[in-house]
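See structure below.
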Amino acid sequence: QVQLVESGGGLVQVGDSLRLSCAASGLTFSRYVMGWFRRTPGKEREFVAAIARSSLTTFYADSVKDRFTISRDNAKNTVYLQMNALKPEDTAVYYCAADQSQFISRLEGTYDYWGQGTQVTVSS
């Protein structure tokens, strides 16, 4: 059974940093593209970042580029999202997702497995 478990969310102030983690089990982690998405109340879930199986390629949403960094440790079956210079508009539930296709994608529909999410709240 595939499980993705996010952690690291919380309540922070504007300008603070957080690192989210997503621990995967039940799959061959190194064979999956990993992504982070987020959802705010009343909005569709949106793409945040993705990383290729080998870590050689990463994609970011324009809204987080230069502030967020996605990384992975295939030995630990874990993907991370380092979030710096947080803004109130970054407030959301953050989800990690795993995609078994070969190519990195921003599209929610290409991801096969999802975590339950972790809440990030940025207070001004």
Worksheet entry | Side-chain heavy-atom pair Q119, T91 within 4.5 angstrom cut-off | yes
Item to complete: Measure the spacing between SG of C22 and CE of M34 and express it to the nearest 0.5 Å.
Response: 4.5 Å
Worksheet item: Do T78 and D73 meet the criterion of a side-chain donor-acceptor pair at a distance under 3.5 Å?
Response: no
Fill in: Row check, Y95 ring normal vs R45 NZ/CZ: under 6.0 Å, within 45°
yes
Worksheet item: Of the non-hydrogen atoms in A50 and S105, which two are nearest, and what is the gap between them?
Response: CB-O, 3.7 Å
Worksheet item: Do the rings of F47 and F37 sit parallel, tilted or perpendicular, given the 30° and 60° boundaries?
Response: perpendicular
Worksheet, complete the sentence: Value for CH2 (W36) from CD (E6), rounded to nearest 0.5 Å, stands at 5.5 Å
Worksheet item: Under 3.5 Å, is there a donor-acceptor pair between the side chain of E46 and the main chain of R39?
Response: no
Discussion item. How long is the straight-line distance from SG of C96 back to CG of L81, given to the nearest 0.5 Å?
Written reply: 10.0 Å
Discussion item. To check you understand the geometry: which heavy-atom pair defines the closest contact between A98 and L27, and what is its length?
Written reply: CB-CD2, 4.2 Å
Worksheet, complete the sentence: Rounding to 0.5 Å, atoms CD (Q13) and CG (L11) come to a distance of 6.5 Å
Fill in: Atom pair CZ/OH of R106 and Y60 - distance to nearest 0.5 Å
11.0 Å
Item to complete: Using a strict 4.0 Å threshold on nitrogen-to-oxygen distance, state whether K87 and D90 make a salt bridge.
Response: no
Worksheet, complete the sentence: Correct closest heavy-atom pair for V64 and V48 would be CG2-O, 3.6 Å
Practice prompt. Compute whether any side-chain donor of one residue and acceptor of the other, for Y94 and R38, lie under 3.5 angstrom apart.
Written response: yes
Worksheet item: Given side chains that start at C-beta, do those of W114 and E108 come closer than 4.5 Å, heavy atoms only?
Response: yes
Worksheet item: Just checking, R72 and Y32: is the charged tip under 6.0 Å from the six-membered ring centre and within 45° of the axis?
Response: no
